[in-house]
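In what follows, a single structure is set out as structure tokens and then discussed.
Naming: A, B, ... by sequence-line order, numbering from 1 per chain.
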Amino acid sequence: MSQEYNKYKPTDYVEDPELPLAEVESQLGPEQLKTARRSRQLDADLKRAFAELRAGTDRPLDGAAFDRRLREAIREPDRGEVVYLSEVRRREVKDRLREAFVYSEFRYVRYGVAAVLVAALLSPVWMRYLGGSAGEEQIASGELALKSAPVMPGAAQSEDDLAGDVMAPPEYSQNQDRRLEQPGVDAADVQIRILEEKLGRARTDSEKLTLLRQLEELYQRAGDAAKLAAVRESIRKIDR
Amino acid sequence: MDVQEQRNRERDLIERIKGGDADAYMDLVGAYRTRLFRKACSILNDAEDAEDALQEALLTAYRALPRFRGESGIYTWLYRIVVNKCRDHLRSRKSGSEESLELYQPLLSDDRVAVEKNVELSDDAGYLIEKVNGLERKYRQILLYRYYEDFSYEEIANLLQVNIGTVKSRLFKARELLKRSIVRNGRGEDYFSAL
């Protein structure tokens with residue numbers, strides 16, 4: 001008798017078909033033995049029958065693809081049910097659209113309506129694109145004019161000042177932008193006006209001097225003799 | 001690999017997963033994927049839905065794993081999550097379409113085998129499964145756990161919240177009832193004539 005036998009009572013061998021019956025046959029009565037044998041036969045037959053059923057009903061699963069998707073899902077941050085719910089919603093919307101546009105009797109009418117709607121939605125974007133590219137050219141030329149304006153050597157702040165963003169308050173920048181947007185206004189005129197306004201607010205002599213020299217250059221280019229003379233006079237006074 | 005070795009291996013994998021090793025999780029669930037997918041298919045009767053439900057269940061399990069205390073085996077724990085997720089899917093089908101609920105009604109009872117018409121079974125297998133379907137629910141369920149889902153005694157004990165001795169004696173009783181059904185209302189003593 002093996003050690004295994006000592007762990008179990010004879011009735012265990014009757015009930016459990018996994019235990020080897022041969023070792024305890026002599027310990028069991030004829031009725032117990034018959035019951036144990038029939039139970040084992042049924043156990044074996046059931047295993048066979050259900051294995052057959054599994055083989056017939058199991059659906060194929062692409063394990064590699066399944067694992068890849070699961071791995072990706074694991075890497076995603078935990079967003080709880082949100083991902084699942086949004087996926088469900090997305091599917092529902094897709095199904096409804098498919099139902100309406102693909103299977104409907106009036107699908108061609110709906111295609112037409114959808115095309116008109118898409119066109120109506122896209123036309124402002126298209127118009128804006130067309131108009132926008134021309135506007136971009138205008139602004140680009142304005143910027144070029146501002147950048148090409150002469151700057152006195154040694155006037156470290158002049159570029160920033162001309163851009164109008166560093167020293168000037170916000171409303172000033174806005175005014176400047178509005179002026180630049182007005183059609184027919186010369187970029188040089190705008191620069192002159194900006195510099196004149198700045199000159200009006202300038203407090204130190206060096207600040208005034210820098211602005212006056214820039215204005216001198218612009219008046220000279222504009223051929224405004226009266227203003228040029230006035231600016232030179234002012235420069236002379238400060239230099240003294 | 002015996003049960004103890006398997007337990008140790010799983011414990012080791014779980015520790016690695018808790019330490020952030022996602023590959024260990026793939027190793028852990030890879031061994032059970034086919035069985036879990038079969039279960040999901042048997043509830044949802046649709047391979048695509050079953051795959052989605054299984055994927056969601058395994059993701060839920062991964063996130064919940066730090067809370068797994070190891071009181072039950074990992075497989076029965078995963079199995080419960082899969083069953084719950086499949087029930088969620090059934091509920092969403094129910095709210096979506098009454099017709100689909102009707103279609104899956106026979107499977108909702110969960111432990112009666114619905115053999116599809118296109119599945120070819122031998123006469124003996126078909127006969128035995130039909131007899132199992134005729135048993136009282138308690139016995140039918142335990143036979144399906146054991147023979148269809150291939151659960152160990154321990155796993156069944158865990159699922160039914162009973163001890164292993166109860167599992168063995170209930171299985172024995174189920175086989176006895178099956179035997180009686182075969183002898184009295186079926187093929188008679190001939191079925192066991194060789195014994």
Side-chain angles (χ1 to χ4, degrees), chain A residues 8-9 11-19 21 30 33-81 83-85 87-88 91-92 95, chain B residues 22-23 25-26 29-30 33-35 37-38 41-42 46-48 50-52 54-56 58-59 62-63 88 92 96 113-116 118-122 124-129 132 143-144 146-150 153 165 168-169 171-176 178-179 182-183 191-192 194-195:
Chain A
Y8 302 104
K9 296 178 289 201
T11 48
D12 291 336
Y13 285 82
V14 177
E15 284 193 1
D16 186 355
E18 300 295 319
L19 297 176
L21 188 61
L33 199 56
K34 188 179 163 189
T35 305
R37 282 181 176 156
R38 287 187 167 192
S39 193
R40 275 167 177 71
Q41 186 192 332
L42 264 183
D43 178 67
D45 288 351
L46 284 166
K47 279 179 181 162
R48 251 196 312 275
F50 280 100
E52 216 178 289
L53 180 68
R54 280 198 299 266
T57 54
D58 273 358
R59 321 275 176 101
L61 175 69
D62 182 347
F66 181 88
D67 283 356
R68 195 177 53 246
R69 280 197 298 276
L70 181 60
R71 222 182 271 269
E72 278 168 20
I74 284 171
R75 278 198 214 108
E76 287 278 307
D78 185 3
R79 278 172 286 174
E81 293 296 303
V83 175
Y84 172 64
L85 289 174
E87 173 67 16
V88 169
R91 261 192 241 170
E92 281 173 1
D95 288 347
Chain B
D23 287 339
Y25 185 65
M26 303 309 292
V29 299
R33 194 181 53 211
T34 306
R35 288 170 71 192
F37 181 59
R38 179 184 302 136
C41 283
S42 78
D46 179 286
E48 222 169 276
E51 198 175 325
D52 286 350
L54 179 57
Q55 195 107 50
E56 286 163 25
L58 292 182
L59 187 61
Y62 178 76
R63 310 248 194 250
D88 288 348
S92 69
V113 179
V115 182
E116 293 167 26
N118 59 350
V119 176
E120 283 189 22
L121 291 176
S122 66
D124 286 346
Y127 171 76
L128 217 46
I129 287 166
V132 170
L143 287 176
L144 291 182
R146 179 70 180 155
Y147 296 104
Y148 182 63
E149 307 217 27
D150 219 10
Y153 294 139
K168 286 183 180 178
S169 53
L171 270 169
F172 175 70
K173 182 80 188 291
R175 280 191 299 266
E176 282 299 294
L178 192 61
K179 198 162 70 186
I182 290 169
V183 172
Y191 189 90
F192 300 101
L195 299 171

### Task
Determine, step by step, whether A:Phe50 and B:Leu144 satisfy the side chain to side chain contact (heavy atoms under 4.5 Å, CB included) criterion, reporting the C-alpha distance in whole Å, the side-chain angles of both residues, the deciding distance to 0.1 Å, and the verdict.
CA-CA 9 Å; A:Phe50 280 100; B:Leu144 291 182; 3.4 Å; yes

Do [X] and [Y] have side-chain heavy atoms sitting under 4.5 Å apart?
X	Y	result
A:Asp16	B:Phe172	no
B:Tyr191	A:Gln41	yes
A:Thr35	B:Glu176	yes

### Task
Answer yes or no: is there an ion pair linking B:Glu56 with A:Arg69, defined by an N-O contact shorter than 4.0 Å?
no

#### Entry: Note: B:Arg33-A:Asp67 ion pair, threshold 4.0 Å (strictly below)
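Result for this pair is yes, salt bridge flagged.
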
### Task
Name the region of A:Asp58, side chain, backbone, both or neither, that has any atom closer than 4.5 Å to a heavy atom of chain B.
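Looking at A:Asp58, just its side chain touches chain B.
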
### Message
Please classify the contact between A:Asp43 and chain B as side chain, backbone, both or neither, with a heavy-atom cut-off of under 4.5 Å.
### Response
both

### Query
B:Arg146, B:Lys173, B:Glu51: which one forms the most heavy-atom pairs within less than 4.5 Å of chain A?
B:Glu51

### chain A contacts, top residue of B:Leu58, B:Thr34, B:Ile182 (heavy-atom pairs, under 4.5 Å)
B:Leu58

Enter the distance from [X]:[atom1] to [Y]:[atom2] here, rounded to the nearest 0.5 Å.
X	Y	atom1	atom2	result
A:Thr11	B:Lys168	OG1	NZ	10.5 Å
A:Asp45	B:Asp124	CG	CG	7.0 Å
B:Lys179	A:Leu42	NZ	CG	7.0 Å
B:Tyr62	A:Arg71	OH	CZ	10.5 Å

So which heavy atom on [X] is nearest to which on [Y], and how close?
X	Y	answer
A:Leu46	B:Leu128	N-CD2, 3.7 Å
A:Ala73	B:Arg63	O-NH2, 3.5 Å
B:Ala22	A:Ile74	CB-CG2, 4.1 Å

Which bit of [X] is near chain A, if near means a heavy-atom gap under 4.5 Å: side chain, backbone, both or neither?
X	value
B:Phe37	side chain
B:Leu54	both
B:Tyr153	side chain
B:Ala47	both

Just by modelled atom types, is the [Y] backbone N or O under 3.5 Å from a matching donor or acceptor in the [X] side chain?
X	Y	answer
B:Gln55	A:Phe66	yes
B:Arg175	A:Glu15	yes
A:Arg54	B:Tyr148	yes

### Query
Is it true that the side chains of A:Glu52 and B:Ser122 contain a donor and an acceptor less than 3.5 Å apart?
yes

#### Entry: Residues, nucleotides or ligands: over 12 heavy atoms within 6.0 Å of B:Glu48 CD
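Atom CD in B:Glu48 is not crowded, with 12 or fewer foreign heavy atoms closer than 6.0 Å.
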
